[in-house]
Amino acid sequence: MNIQEATTTALASGKCIKRTTEIWKRCKVQLGKRNVCHLYIEGKFLVQGWQPQAEDLIADDWVTE
C-alpha cells in the first residue's frame, strides 16, 4: 500500500508503519498524533522527527506492523 493508506490504517489501529524493502527490514516508524514520528531500528528508539525521503513518499510497499 502507499504511505497514506498505511498511515491511515496505523493510526486507526495504534500500529507502526514500515516498508518491505531489505533496508527497512529492521526499521519501523511510530506515528504520533502531534505530527511527530519516531524511527526505531530493531525495536530501539533511534530518532524523533523522522523525515522521509521522496522515494519513501512515492513507494507502494508500506505495511502496518
Side-chain angles (χ1 to χ4, degrees):
M1 67 182 83
N2 65 42
I3 195 168
Q4 181 179 0
E5 295 166 330
T7 299
T8 301
T9 302
L11 286 174
S13 62
K15 295 184 177 182
C16 296
I17 62 172
K18 68 183 289 180
R19 291 186 59 193
T20 58
T21 59
E22 184 67 30
I23 195 166
W24 274 85
K25 267 190 172 176
R26 301 173 311 183
C27 303
K28 64 182 178 180
V29 178
Q30 180 184 35
L31 305 168
K33 295 189 184 244
R34 296 187 178 153
N35 299 326
V36 177
C37 297
H38 303 277
L39 180 63
Y40 289 84
I41 295 181
E42 295 182 348
K44 297 181 181 178
F45 176 74
L46 179 65
V47 66
Q48 178 177 332
W50 171 72
Q51 296 179 347
Q53 296 180 2
E55 179 184 326
D56 297 320
L57 297 174
I58 62 173
D60 63 356
D61 63 344
W62 287 96
V63 296
T64 57
E65 181 180 283

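Residues Trp50 and Leu46 are members of one and the same hydrophobic cluster, defined by side-chain heavy-atom contacts under 4.5 angstrom among Ile, Leu, Val, Met, Phe, Trp and Tyr.
Here the closest heavy-atom approach between residue Leu31 and residue Cys37 is recorded as CD2-SG, 3.8 Å. Summarising the geometry of Glu65 relative to Lys15, their closest heavy-atom pair is O-CB, 3.3 Å, with the distance given to 0.1 Å. Minimum interatomic distance between Trp62 and Ala59 (heavy atoms only, all atoms of both residues): CD1-O, 3.6 Å.
In this structure, Ile23 places its CD1 atom where only 12 or fewer heavy-atom neighbours from other residues, nucleotides or ligands lie under 6.0 Å away.
Applying the side-chain contact (heavy atoms from CB on, under 4.5 Å) test between Leu11 and each of Thr9, Thr8, Thr7 identifies Thr7 as the sole match. Here the rule is side-chain contact (heavy atoms from CB on, under 4.5 Å) with Trp24, and of Asp56, Ile41, Ile17 only Asp56 fits it.
The structure places CD1 of Ile58 at 11.5 Å from CG of Asn2, a figure rounded to the nearest 0.5 Å. Taken to the nearest 0.5 Å, the CD atom of Gln30 stands 10.0 Å off from the CD atom of Gln48. Taken to the nearest 0.5 Å, the CG atom of Leu39 stands 11.0 Å off from the NZ atom of Lys28.
Side-chain contact between His38 and Phe45 is present, with at least one heavy-atom pair separated by less than 4.5 Å. Side chains of Val63 and Met1 form no contact here, defined as non-hydrogen atoms less than 4.5 Å apart.
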